[in-house]
Asker: 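I'd like to ask you about the structure that follows.
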Amino acid sequence: MPLSPFAGGGRMNGRRNFLRNTLAFLVSGTAIGGGILKLFPSSALAKEAPRKGKWYGFGVSVDKCIGCGRCMEACKVENDVPREPFFFRTWVERYIIRKDGEAVVKAINPNAEPMAADTSGDRSILRSFFVPKLCNQCADPPCAQVCPVGATFQTADGVVLVNEKTCVGCRYCIQACPYGARYLHPVTRTADKCTFCYHRISQDLLPACVEVCPTQARIFGDLNSSASPLSRFRRMNKIHVLKPALNTEPKAYYAGLDGEVR
Amino acid sequence: MNQELLHTLKEIMPQITGYIYPNEIEVHWGLLIVVYPYITGIVAGAFILASLVKVFNVKEVQPLYRLSLLTALSYLLVAPLPLLSHLGHPERCFEMFLTPQPSSAMAMFGFVYAWYLMAVLLIEIWFVYRVDMIVWAEGGSGPMKWIHKVLSLFSRDRSESAVTFDHKALKTITIIGIPSAFLLHGYVGFIFGSVKANPWWSSVLMPIAFLFSAIVSGVALVILLYMVITPLTGGKINMKCVDKAVDFLFYAVIVDFTLEFVDFIHRIYQSEEEIKILSEMVMSKLFMSLVIIQVLLGMILPLGIIGATKIFKRRFTLNEDLRKMLYFISVLLIQFGIFTMRWNVVIGGQMFSKSFRGLTTYKMEVTGIEGLLYTLVLLCLPLVILTVLMKILPPWKEMREEDKSLEGGTPGSLPAPGA
Ligand code: SF4
Ligand code: SF4
């Protein structure tokens with residue numbers, strides 16, 4: 001069950017528990033025991049979805065995205081992301097796959113001309129599509145693992161946040177994120193990334209990007225509630241996540257994802 | 001908003017090839033982070049050279065003993081500076097001590113560092129110099145007398161039993177010290193090697209490769225310093241000592257070279273999904289610094305030169321001055337090689353996109369805290385500290401005395417360092 005919303009899925013949990021118990025037994029009573037155990041993902045960070053409470057995730061319907069870039073715009077306004085085109089909490093990639101297998105990828109620039117420059121006559125194109133990207137809010141986030149001061153942390157509802165007041169700006173988390181989801185905020189000099197608009201979702205509002213998306217390519221919701229739009233989306237579609245081999249247990253679920261997308 | 005940063009990023013834009021994630025334009029770990037593993041490497045390497053004398057009783061390199069300890073100390077004192085200067089919020093660095101996150105490799109830096117500085121290097125140096133400091137304090141005058149008094153912590157015991165105790169203590173500390181030196185630099189390698197998101201770094205060999213390159217750079221630097229300082233202070237270079245030290249260097253370079261070669265072959269043979277972008281990076285962006293400087297000039301050439309001196313020394317007689325010159329060139333080349341290795345690891349690891357579709361560029365600044373000038377200051381600072389240290393705790397007097405006994409007497413008649 002690699003795509004289970006619960007870190008590791010059911011079978012793994014058994015093994016993890018076994019490992020954890022064995023290790024706990026082996027090192028129990030030693031002062032460093034706690035420290036060593038922290039090195040193991042099972043007890044360090046992999047937050048398994050709590051049975052009760054919320055566990056937030058994100059859905060992206062690749063086929064619905066038209067590359068209008070409103071989500072990027074909304075995110076920058078909502079979250080005080082610098083206007084310059086080097087800092088993003090969320091962005092949209094455009095893929096053009098040619099018949100010879102060559103893939104051309106670009107990040108769309110919402111300030112420039114619309115991307116939908118007419119390519120319908122181009123016979124060499126096999127298919128083209130847009131892929132919205134954002135922090136995957138990994139259930140097992142490497143960015144939180146490496147933060148030396150615990151400034152990057154995971155909330156009880158599964159959102160990875162950065163504490164601006166304690167981040168020392170070492171940028172280790174930026175190196176550790178496999179998805180390029182983080183940047184160093186040039187004004188605060190601290191790490192910054194998508195928060196699922198935590199200030200909004202805690203008021204039961206939708207993230208800004210979800211709210212403005214004209215085609216509902218972006219879906220947000222609670223994975224623990226089977227009635228949430230996200231759970232429904234996951235039931236109705238074949239789902240993929242990005243870079244599953246890295247075992248970060250991403251919680252951004254993609255429907256209609258092409259193998260070219262990394 | 002930081003205008004300078006924006007300006008740099010704008011300049012980089014046209015140089016990007018292929019596709020990179022938008023947040024990847026900025027290379028986050030720059031020159032300062034190149035300097036950091038370079039400096040800690042020298043610390044570990046110099047200390048390991050010193051241990052050769054103490055633990056393995058390699059008499060020939062005795063003259064380098066104190067010099068390597070002082071070198072290790074002066075570089076260790078500078079080691080946290082590049083890290084600190086690089087932080088977005090250096091004023092918060094103490095948080096790493098107060099609320100360290102046990103799961104983070106980086107959080108341990110302060111502890112590894114403090115352990116090495118306090119528990120190993122300072123104590124070892126203190127024991128080495130204890131008796132000398134007492135003598136200097138007794139014979140000296142003015143502020144120097146007091147400096148030595150204070151540094152010796154007002155100990156006055158020069159009895160035989162106290163000296164024997166010093167020797168025992170030294171041996172113990174060195175035995176603790178060797179794994180600690182390994183820890184110090186292996187740990188730095190681990191900081192990089194454990195980043196699974198980055199296939200250029202993520203390798204189990206990283207800590208070991210860092211370790212051996214550390215030995216190489218430390219030993220080479222101490223030899224270099226010895227060859228420069230000795231004539232400057234009116235001494236004569238002891239060629240037996242240099243020969244032996246270069247021997248060690250030679251083997252260390254071979255091991256280092258092999259490790260890196262194995263890593264290279266392993267990557268190519270495995271050919272995982274990132275191999276295309278990595279080879280593109282090596283052939284375009286890193287060709288000069290990796291293939292030419294690090295491997296050809298920094299490893300193969302000095303290996304050839306040292307190898308040649310070995311052959312010619314045995315088969316034919318190789319003029320001592322010529323040998324000196326060849327050694328000098330080799331250790332200099334090796335220094336450059338190791339520095340570029342740090343460069344290739346740190347900067348190289350950030351030049352390719354984690355989408356494996358494109359390459360970005362690193363633009364070095366000249367001024368500013370991440371710039372070239374400041375880096376040069378950081379690289380010179382240890383030498384300044386070393387000069388001061390050598391004024392307070394002169395190693396070269398003994399270096400020359402040991403020279404004489406080495407040339408004339410049997411190894412057994414050597415005065416033990418510190419005696
Ligand atoms: S996507 Fe990156 S920033 Fe987001 S939680 Fe995962 S590792 Fe952290
Ligand atoms: S930049 Fe900040 S959030 Fe990221 S690892 Fe360093 S201290 Fe933690």
Side-chain angles (χ1 to χ4, degrees), chain A residues 34-39 41 44-45 82-89 91 93 103-107 133 142-153 165-172 174-191 193 243 246-248 261-262, chain B residues 1-3 5-6 8-10 12-13 18-26 28-29 33 83-84 86-110 191-192 194-199 201-202 272-274 349-350 353-358:
Chain A
I36 288 181
L37 275 183
K38 284 266 196 245
L39 287 175
L45 292 150
R83 302 295 310 170
E84 286 72 17
F86 312 111
F87 312 96
F88 290 93
R89 285 184 173 200
W91 66 95
E93 292 169 356
V104 182
V105 189
K106 278 200 183 94
K133 292 266 183 89
C143 57
Q145 180 187 24
V146 301
C147 176
V149 292
T152 292
F153 64 101
K165 299 224 166 59
T166 52
C167 167
V168 295
C170 67
R171 316 174 191 201
Y172 202 16
I174 303 178
Q175 307 289 4
C177 170
Y179 308 97
R182 290 180 163 243
Y183 64 94
L184 193 86
H185 197 294
V187 177
T188 63
R189 312 276 302 146
T190 55
K193 65 179 267 299
K243 305 195 182 188
L246 291 178
N247 200 27
T248 56
V261 180
R262 287 193 280 248
Chain B
M1 174 74 56
N2 185 341
Q3 288 307 320
L5 170 68
L6 283 181
T8 321
L9 293 182
K10 285 221 174 78
I12 291 176
M13 284 253 267
Y19 174 71
I20 67 169
Y21 293 137
N23 289 332
E24 283 180 329
I25 291 187
E26 192 182 351
H28 286 280
W29 285 356
I33 304 298
L83 281 187
L84 215 57
H86 167 264
L87 291 184
H89 284 276
E91 80 282 2
R92 292 181 191 161
C93 65
F94 60 90
E95 302 253 3
M96 288 205 206
F97 289 99
L98 300 182
T99 53
Q101 165 112 332
S103 65
S104 166
M106 193 182 272
M108 296 301 119
F109 170 76
I191 289 188
F192 291 94
S194 59
V195 177
K196 69 176 166 187
N198 190 321
W201 291 343
S202 149
E272 292 191 29
E273 68 173 321
E274 71 273 1
Q350 299 168 81
S353 165
K354 286 173 189 149
S355 69
F356 304 147
R357 289 189 181 280

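Everything quoted here is computed from the prediction, not taken from an experiment. Just so we're on the same page: letters track the sequence lines, and every chain starts at 1.
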Asker: Kindly give the heavy-atom pair with the smallest separation between A:V168 and B:M96, and that separation in Å.
Answerer: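 Residues A:V168 and B:M96, closest heavy atoms: CG2-CE, 4.0 Å.
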Asker: I'd like to check B:R92 versus A:V149 (side-chain heavy atoms, cut-off strictly below 4.5 Å). Are they in contact?
Answerer: no
Asker: CZ of A:F87 to CG of B:L6: how many Å apart, nearest 0.5 Å?
Answerer: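 The distance works out to 5.5 Å.
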Asker: Where does B:S194 contact chain A at under 4.5 Å (heavy atoms): side chain, backbone, both or neither?
Answerer: side chain
Asker: For B:W201, is it the side chain, the backbone, both or neither that has a heavy atom under 4.5 Å from a heavy atom of chain A?
Answerer: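 Interface part for B:W201: side chain.
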Asker: At a heavy-atom distance under 4.5 Å, which candidate from A:A151, A:A176, A:A191 has the highest pair count against chain B?
Answerer: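 That would be A:A176.
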Asker: Which heavy-atom pair separates A:P148 from B:A107 by the least distance, and what is that distance?
Answerer: O-CB, 3.4 Å
Asker: Might you point out which heavy atoms bring B:M106 and A:C170 nearest each other, and give the distance in Å?
Answerer: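 Closest pair (atom of B:M106, atom of A:C170, distance): SD-SG, 3.8 Å.
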Asker: Does any backbone or side-chain atom of A:A181 lie under 4.5 Å from a heavy atom of chain B? Answer side chain, backbone, both or neither.
Answerer: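 The backbone, not the side chain.
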Asker: Please classify the contact of A:C147 with chain B as side chain, backbone, both or neither, using a heavy-atom distance under 4.5 Å.
Answerer: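 Looking at A:C147, just its backbone touches chain B.
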Asker: With distance as the sole test, does A:R262 use its side chain to make a donor-acceptor pair with the main-chain N or O of B:K354 at under 3.5 Å?
Answerer: no
Asker: For A:C177 versus B:A197, what's the shortest heavy-atom pair and its separation?
Answerer: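 So the two residues come closest at C-CB, 3.9 Å.
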Asker: Flag the one option from A:T166, A:L246, A:T190 with the top tally of heavy-atom pairs under 4.5 Å to chain B.
Answerer: A:T166
Asker: What are the two closest non-hydrogen atoms of B:S103 and A:A144, and how far apart are they?
Answerer: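 Answer, listing the atom of B:S103 first, then A:A144: OG-O, 4.3 Å.
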Asker: Looking only at atom types and distance, does a side-chain atom of B:H89 sit under 3.5 Å from a main-chain N or O of A:K165, one as donor and one as acceptor?
Answerer: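 Here the side-chain-to-backbone pair does not exist.
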Asker: Check each atom of B:E26 against the heavy atoms of chain A and say whether the ones under 4.5 Å are side chain, backbone, both or neither.
Answerer: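 Just its side chain gets close to chain A.
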Asker: Determine yes or no for a side-chain-to-main-chain donor-acceptor pair under 3.5 angstrom, with A:Y172 supplying the side chain and B:I191 the backbone.
Answerer: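 It does hold such a pair.
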Asker: Can you tell which part of B:L5 gets under 4.5 Å to a heavy atom of chain A, answering side chain, backbone, both or neither?
Answerer: side chain
Asker: Name the region of B:Q350, side chain, backbone, both or neither, that has any atom closer than 4.5 Å to a heavy atom of chain A.
Answerer: side chain
Asker: Evaluate the side-chain contact (heavy atoms from CB on, under 4.5 Å) criterion for residues B:Y21 and A:F88: first the C-alpha distance (whole Å), next the side-chain angles of each, then the deciding distance (0.1 Å), finally the verdict.
Answerer: CA-CA 10 Å; B:Y21 293 137; A:F88 290 93; over 6 Å; no
Asker: As an exercise, state the distance from OG1 of B:T8 to CZ of A:F86, rounded to the nearest 0.5 Å.
Answerer: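 If we round to the nearest 0.5 Å, B:T8:OG1 and A:F86:CZ are 9.5 Å apart.
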Asker: Okay, side chain of B:Q101, backbone of A:T152: is any donor-acceptor separation there less than 3.5 Å?
Answerer: no
Asker: Considering only heavy atoms, which portion of B:F97 lies under 4.5 Å from any heavy atom of chain A: side chain, backbone, both, or neither?
Answerer: neither
Asker: Contact part of B:M108 toward chain A, heavy-atom cut-off under 4.5 Å: side chain, backbone, both or neither?
Answerer: neither
Asker: For B:L9, which atoms come within 4.5 Å of any heavy atom of chain A: side chain, backbone, both, or neither?
Answerer: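 Both backbone and side chain of B:L9 come within 4.5 Å of chain A.
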Asker: Counting heavy-atom pairs closer than 4.5 Å to chain B, which one of A:R189, A:R171, A:E93, A:K133 comes out on top?
Answerer: A:R171
